[in-house]
Amino acid sequence: MEIQDPRLRLLLRQADKIADAGKRAAAEQMYRQIIEENREVAQAWLGLGQVVADPTEKERALEKAVQLEPEYPEAARALALLRGEPIPKWAQEPEPEIEEVVEEVLVEEPQTAVSTGSRQTVSALGDEEDEELFCYRHPDRSTALRCYNCGKPICMSCTNKTPVGYICPDCIREKEAVFFNATTLDYLVGPLVSLLLSLPAGWLVVRFTLGGGFFLFIILFFIGGMVGRFIGQFSKRAVGGRRGRYLPHLTVAMLILGTAVWLLPFILAIFIGGLSTLFAFLGPGIFLFAAGGALFSYMK
Ligand SMILES: [Zn+2]
Ligand SMILES: [Zn+2]
């Protein structure tokens, strides 16, 4: 049966999607809304019958769907299954060849998909830009935006603007999961490698920069950058090249730790020898600044 009202057609499609996603309560509410506006929509009765929990109501809804549309295989099938009766031959699920299915989905227009009541093709959110769209997370909010990645309609408060267009929260999570693929073990191994390499490097720096002059500080700056990249290469290889949101921070923290432990005696010396000892921190500080920056950008 053809649903004339485009808004109801869209509502039905969204209800089916929500039901497919397993959100029964939300889907039930939407099917009821459709039925309230038009009691003749067999697909809505079928949908309601599939999501409602109460068995009496389930049967009543499925009966209504069959009554409205006697040759509605999905409804007949659902009702027979509920009653434990054999499924009539005409209503049995067709098992078309896979090639045929692909062709069907490609050829089928979204409009005919709805009119045949076929649940499988409902996801074909198509080229009906003239229809009113509703945010897939807020079915009551009308919107003109779609996620550029998956095409779902989204409202302004759900979107995130990216250089390529608006994107929905689901797709952002998906993309982040692909981008940040580090395992828990990586979070141990990466920083550990960084610490093991930073300890000798830090020792050398602290040992040889005491009382250094201006020239030494310049050299330290360049050496720091090289050491940072070097530690980054090893740490990155140790975690199999994977990325973690906080891996750069942690490896840099280990670099600082690996250098700072050698400075502990000097921290004590400040109390004894006075502020002139602070000079001892200048070389290591320059080294850490350069090495930390290089390491961080390498691990990103
Ligand atoms: Zn999306
Ligand atoms: Zn929304």
Side-chain angles (χ1 to χ4, degrees), residues 3-38 41 43-44 46-48 50-53 98 101-184 241-248 300:
I3 305 168
Q4 293 307 326
D5 184 356
R7 208 180 63 81
L8 278 191
R9 218 160 50 211
L10 187 74
L11 212 57
L12 181 68
R13 219 158 60 187
Q14 288 192 320
D16 285 344
K17 274 188 107 169
I18 290 172
D20 285 344
K23 293 170 188 153
R24 286 164 163 266
E28 185 187 334
Q29 203 181 346
M30 287 180 78
Y31 286 128
R32 285 189 193 284
Q33 197 184 330
I34 299 164
I35 290 166
E36 204 170 293
E37 291 185 40
N38 184 350
V41 183
Q43 293 103 314
L46 169 64
L48 180 64
Q50 280 167 335
V51 295
V52 78
I98 290 166
V101 173
V102 171
E103 213 171 58
E104 206 176 4
V105 170
L106 285 176
V107 168
E108 210 157 10
E109 297 274 310
Q111 191 147 333
T112 48
V114 170
S115 66
T116 53
S118 155
R119 296 286 292 272
Q120 290 87 340
T121 43
V122 155
S123 60
L125 266 178
D127 12 288
E128 303 166 58
E129 289 301 341
D130 51 323
E131 267 189 18
E132 197 177 1
L133 300 173
F134 294 90
C135 173
Y136 81 100
R137 306 172 82 215
H138 304 97
D140 56 325
R141 280 192 206 162
S142 167
T143 181
L145 304 173
R146 282 177 189 276
C147 168
Y148 85 86
N149 190 54
C150 66
K152 280 185 296 214
I154 26 174
C155 74
M156 225 21 213
S157 61
C158 290
T159 59
N160 285 273
K161 186 109 177 68
T162 71
V164 265
Y166 293 98
I167 186 164
C168 76
D170 289 346
C171 289
I172 284 191
R173 264 195 299 278
E174 219 170 89
K175 281 181 190 296
E176 276 187 351
V178 173
F179 187 75
F180 294 122
N181 51 0
T183 64
T184 316
R242 286 178 289 271
R243 280 168 302 241
R245 193 191 294 271
Y246 301 110
L247 266 182
K300 261 207 297 202

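Values below: all heavy atoms of this structure, side chains included; hydrogens, waters and symmetry mates excluded. We count ligands from 1, going down the list as the structure has it; atoms in each ligand are counted the same way.
The SG atom of Cys150, the Zn ion (ligand 1) and the SG atom of Cys147 define an angle of 100° (nearest 10 degrees). Between the SG atom of Cys171 and the SG atom of Cys168, the angle centred on the Zn ion (ligand 1) amounts to 110° when rounded to 10°.
Here Arg9 contributes atom CZ and Gln4 contributes atom CD; the two are 7.5 Å apart, rounded to the nearest 0.5 Å.
Using a 4.0 Å cut-off between a side-chain N of Lys or Arg and a carboxylate O of Asp or Glu, Arg32 and Glu28 qualify as a salt bridge.
At distances below 3.5 Å, not a single donor-acceptor pair connects side-chain atoms of Glu37 with backbone N or O atoms of Leu8.
Nearest heavy-atom pair across Arg146 and Ile154 is C-CG1, 3.9 Å.
Closest approach between the Zn ion (ligand 2) and any N/O/S atom of His138 involves ND1.
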